[in-house]
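What follows is a short report on a single structure.
The chain is numbered in sequence order, starting from 1.
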Amino acid sequence: VVLSYGLDRRSGRLQPGAVHALPFPGVEGVTQMQVHPRDPWFMLSASNADPGLEDRLMPLDGAGHLGAPRTISYLFYGFTWDPSGKFFYGLDGEAIFQYRFDSAAGTLTAVDPPLADGSSGRVVLSLRPHPTGIWVYSVEESELGVYRFDPASGRLSQPSFVPRPLPEEP
């Protein structure tokens with residue numbers, strides 16, 4: 001299940017909310033979930049017994065309740081949006097996929113090129129945009145990456161990589 005809570009803004013305490021059953025059977029584990037940075041969308045990536053990975057997008061109502069889910073991908077174990085919410089990046093363990101996100105329709109359209117510059121063959125574990133929207137950082141199996149973000153096209157480019165900060169750690 002996904003548990004949701006309200007927030008008492010005066011005390012900062014969580015208030016009991018809703019229990020949402022996961023929208024598909026056989027979930028082995030949730031790999032990531034995230035609320036869209038600007039619009040009422042919730043996305044969940046999970047490993048599923050069949051078909052494997054499954055990425056579900058659900059609308060959120062004003063009370064934070066999840067609406068009807070729809071599958072938008074069978075590829076990603078991780079993802080993120082840019083701070084504006086116009087672009088979406090999916091992680092499949094071999095590259096960073098780049099998409100334009102249509103918030104009104106809740107759909108993805110591949111950016112040209114569909115893979116971020118320099119990301120092919122890299123095991124990207126996590127991706128986080130800088131709040132200024134100029135850079136996107138990647139955590140990889142053996143390095144940290146920095147990609148330049150183009151807010152007009154959504155393309156990630158000009159990557160540079162820093163060796164793992166703790167060389168003795170695998």
Side-chain angles (χ1 to χ4, degrees), residues 1-9 11-111 114-116 119 122-133 135-141 144-145 147 149 151 154 156:
V1 299
V2 174
L3 303 174
S4 63
Y5 297 87
L7 177 65
D8 181 321
R9 296 201 184 270
S11 69
R13 292 190 176 134
L14 294 177
Q15 303 297 317
V19 176
H20 306 276
L22 289 172
F24 36 83
V27 171
E28 296 171 336
V30 172
T31 58
Q32 185 174 348
M33 63 182 180
Q34 188 175 354
V35 174
H36 185 274
R38 302 221 186 264
D39 297 313
W41 292 104
F42 176 88
M43 186 157 159
L44 174 83
S45 290
S47 58
N48 200 355
D50 181 39
L53 294 171
E54 189 166 358
D55 308 305
R56 290 281 184 111
L57 185 68
M58 294 162 254
L60 289 168
D61 70 15
H65 297 110
L66 299 174
R70 64 190 141 120
T71 301
I72 62 166
S73 170
Y74 292 101
L75 293 173
F76 308 125
Y77 62 83
F79 61 89
T80 196
W81 279 280
D82 77 295
S84 77
K86 293 178 185 175
F87 300 101
F88 175 91
Y89 303 94
L91 310 175
D92 77 339
E94 295 181 13
I96 301 169
F97 288 75
Q98 315 179 110
Y99 296 91
R100 182 173 294 280
F101 181 72
D102 180 335
S103 191
T107 56
L108 300 175
T109 304
V111 168
L115 301 180
S119 72
R122 306 192 71 83
V123 180
V124 180
L125 304 172
S126 181
L127 202 62
R128 292 290 183 266
H130 188 277
T132 64
W135 307 103
V136 173
Y137 301 97
S138 64
V139 175
E140 305 187 13
E141 278 194 333
L144 302 174
Y147 290 82
F149 171 69
L156 301 181

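- A distance of 8.0 Å separates CG of D8 from CZ of R13, quoted to the nearest 0.5 Å.
- Considering only residues two or more places apart in sequence or on other chains, R100 meets the side chain to side chain contact (heavy atoms under 4.5 Å, CB included) condition with F87.
- Every side chain to side chain contact (heavy atoms under 4.5 Å, CB included) that R9 has, sequence neighbours left out, goes to L7.
- In this structure, L144 and V139 have side chains that are in contact, with non-hydrogen atoms separated by less than 4.5 Å.
- Side chain of S73 to backbone of L75: a donor-acceptor contact under 3.5 angstrom is found.
- Within the model, atoms CZ of R38 and NZ of K86 stand 9.0 Å from one another, a figure rounded to the nearest 0.5 Å.
- Rounding to the nearest 0.5 angstrom, the gap separating the CZ atom in R122 from the CD atom in E94 is 13.5 Å.
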Step by step, work out the side chain to side chain contact (heavy atoms under 4.5 Å, CB included) result for F101 and I72. CA-CA 11 Å; F101 181 72; I72 62 166; 5.6 Å; no
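- Proximity of a side-chain donor or acceptor of E140 to a complementary backbone N or O of G145 within less than 3.5 Å is not detected.
- Distance alone, capped at 3.5 Å, is enough to place a donor-acceptor pair between the W41 side chain and the S103 backbone.
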From CA spacing to verdict: side chain to side chain contact (heavy atoms under 4.5 Å, CB included), H65, H20: CA-CA 8 Å; H65 297 110; H20 306 276; 4.2 Å; yes
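- Side chain of H36 to backbone of G85: a donor-acceptor contact under 3.5 angstrom is found.
- If you take CG on L14 and CG on L3, they are separated by 11.0 Å, rounding to the nearest 0.5 Å.
- Considering only residues two or more places apart in sequence or on other chains, T80 meets the side chain to side chain contact (heavy atoms under 4.5 Å, CB included) condition with Q34, Y89, L127, P129.
- In this structure, H130 and Y137 have tilted ring planes: the angle between them lies in the 30° to 60° band.
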Side chain to side chain contact (heavy atoms under 4.5 Å, CB included) between F42 and V35, worked out: CA-CA 4 Å; F42 176 88; V35 174; 4.0 Å; yes
Run the side chain to side chain contact (heavy atoms under 4.5 Å, CB included) check on F149 and L156 step by step: do they pass? CA-CA 5 Å; F149 171 69; L156 301 181; 3.8 Å; yes
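- Considering CG of L66 and CG of L60, their distance stands at 5.5 Å, rounded to 0.5 Å.
- Side chain of S45 to backbone of G78: no donor-acceptor contact under 3.5 angstrom is found.
- With sequence neighbours left out, A105 forms a side chain to side chain contact (heavy atoms under 4.5 Å, CB included) with D102, T107.
- When the side-chain hydrogen bond (donor to acceptor under 3.5 Å, both in side chains) test is applied to T31, no partner is found at least two apart in sequence or on another chain.
- The structure places CZ of F97 at 5.0 Å from CG of L115, a figure rounded to the nearest 0.5 Å.
- Residues meeting the ring pair (Phe, Tyr, Trp, His ring centres under 6.0 Å) test with Y77, sequence neighbours left out: none.
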